[in-house]
Asks: 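Mind having a look at this structure? Questions to follow.
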Amino acid sequence: MKDLNVKNPHPEITFQAIKIGNTLVRYLLREGSNDEPPLLVCNGLGQSMEVLLPLIDELEDRTVVAFDMPGIGRTPMVDDISTIPDYAAFAMQIMDQLKIDRFDILGISWGGSLAQQMAFDAPDRVRKLVLAITSAGGIGSWWGTPIALSEIMFPMRYMSKAYGNFIGPLMYGGEAIFAPDDFREYSKHAIAPSPEGYFSQVRAMCSWTSLPWLRSLPQKALIIAGKYDALIPITNQILLANMMQSARLEVYSAGHLLMYTQRHDVGVTIGAFLDG
């Protein structure tokens, strides 16, 4: 296995490995200072944990768990994982191995699908949900701009940093367009996913929706939206907030990069919601 801490810009956070079946999964467990349930952070499409670290810094009081999905970051691909329920079951195995019974989930973008599925599959274990810049699934979504939709289907932006720095702001919209340096700073530590890992996530997302059971989710939820999101437009978050039993919508004047550019304000909002 490759060095778990390659490109880690936060030396105070160390990555570890846990064995799930025959696969060594890279994860982090950052201990917090309070006794609230741990927060599992589910990352975006093709994204390794490195891009989460600035946001995790803003959640300093809470125990945080995150991991690289199969075929993403430093976790090898798993052959028999292909659907969002498969990914949810895989994530539950990790929480079982870490002996974490009850927890909250922050699902960002693609990770929001995973968060919803885990909340549906294990309502007794998932206490609260934070769904950020996400949707009710590929077949239950309003997609963004044609550029965003075409680019999300392929991992070229990860394979070429120059191309990623050009196309990323056009995909993400909002402040990423007017401050492209912010996007470059956000993405510079990312690790390119394997093609198998990336395309498996795309197929899983495109064939899944939570619409048939979204209203039945019992968890309190915080929905975070970017007013200028070019990838997953705000109509998706409005739908989530309106369909869920107990959800609050928070809108930021930002694009799909808001969990990075607005991370301080977002961190305060998330902390208050989870503690409230």
Side-chain angles (χ1 to χ4, degrees), residues 40-47 67 69-72 78 80-92 104-123 125-126 128-155 171-173 193 196-227 229-251 255-256 258-259:
L40 171 64
V41 183
C42 300
N43 211 349
L45 176 67
Q47 297 278 25
F67 65 94
M69 288 291 169
I72 308 299
V78 177
D80 58 351
I81 192 165
S82 61
T83 68
I84 294 296
D86 289 342
Y87 283 102
F90 187 83
M92 281 298 186
D104 301 321
I105 309 180
L106 164 59
I108 302 171
S109 194
W110 183 92
S113 301
L114 180 61
Q116 292 170 68
Q117 186 68 52
M118 294 178 72
F120 177 69
D121 291 343
R125 296 186 65 180
V126 179
K128 289 185 179 182
L129 282 175
V130 180
L131 302 176
I133 50 176
T134 191
S135 73
I139 57 177
S141 302
W142 284 275
W143 287 100
T145 65
I147 289 176
L149 181 57
S150 62
E151 289 297 328
I152 202 171
M153 296 301 172
F154 302 96
M171 285 183 63
Y172 281 23
E196 297 85 358
Y198 187 87
F199 288 123
S200 178
Q201 286 193 325
V202 170
R203 288 191 298 268
M205 171 187 64
C206 290
S207 61
W208 173 91
T209 182
S210 61
L211 288 179
W213 42 260
L214 186 59
R215 291 187 188 277
S216 71
L217 293 182
Q219 295 88 355
K220 290 184 178 180
L222 171 66
I223 315 296
I224 296 175
K227 191 183 299 184
D229 193 336
L231 184 59
I232 305 180
I234 191 173
T235 45
N236 293 283
Q237 293 88 56
I238 293 172
L239 174 68
L240 291 173
N242 285 335
M243 288 194 67
M244 299 182 75
Q245 292 184 33
S246 181
R248 183 177 99 234
L249 178 65
E250 290 284 340
V251 180
H256 202 70
L258 78 86
M259 300 301 283

Asks: Is the side chain of S200 donor-acceptor paired with the backbone N or O of I81 at a distance under 3.5 Å, no angle test?
Replies: yes

Asks: Taking all atoms of both residues into account, what is the closest heavy-atom pair of G226 and Q237, and its distance?
Replies: N-OE1, 4.2 Å

Asks: Rounded to the nearest 0.5 Å, how far does SG of C42 lie from CE of M118?
Replies: 5.5 Å

Asks: Tell me, do D86 and D80 make a side-chain contact under 4.5 Å, heavy atoms counted?
Replies: no

Asks: Before you tell me yes or no, could you show the steps for I234 and D229 under side-chain contact (heavy atoms from CB on, under 4.5 Å), namely the whole-Å CA-CA distance, both residues' side-chain angles and the distance that decides it to 0.1 Å?
Replies: CA-CA 7 Å; I234 191 173; D229 193 336; over 6 Å; no

Asks: Any donor-acceptor pair under 3.5 Å linking the side chain of Q117 with the backbone of S113?
Replies: no

Asks: Does some side-chain heavy atom of L40 sit less than 4.5 Å from a side-chain heavy atom of F67?
Replies: yes

Asks: Under the side-chain contact (heavy atoms from CB on, under 4.5 Å) rule, what do V202 and I152 come out as? Steps first, then yes or no, please.
Replies: CA-CA 8 Å; V202 170; I152 202 171; 5.8 Å; no

Asks: Hey, could you give me the CG/CG distance between L222 and D104, rounded to the nearest 0.5 Å?
Replies: 11.0 Å

Asks: For a quick test of reading the model, state the closest non-hydrogen atom pair linking A247 to I223 and the distance between them.
Replies: CB-CG1, 4.1 Å

Asks: Can we call the ring centroids of W208 and Y87 under 6.0 Å apart?
Replies: no

Asks: Nearest 0.5 Å, please: how far is OG1 in T134 from CG in L231?
Replies: 10.0 Å

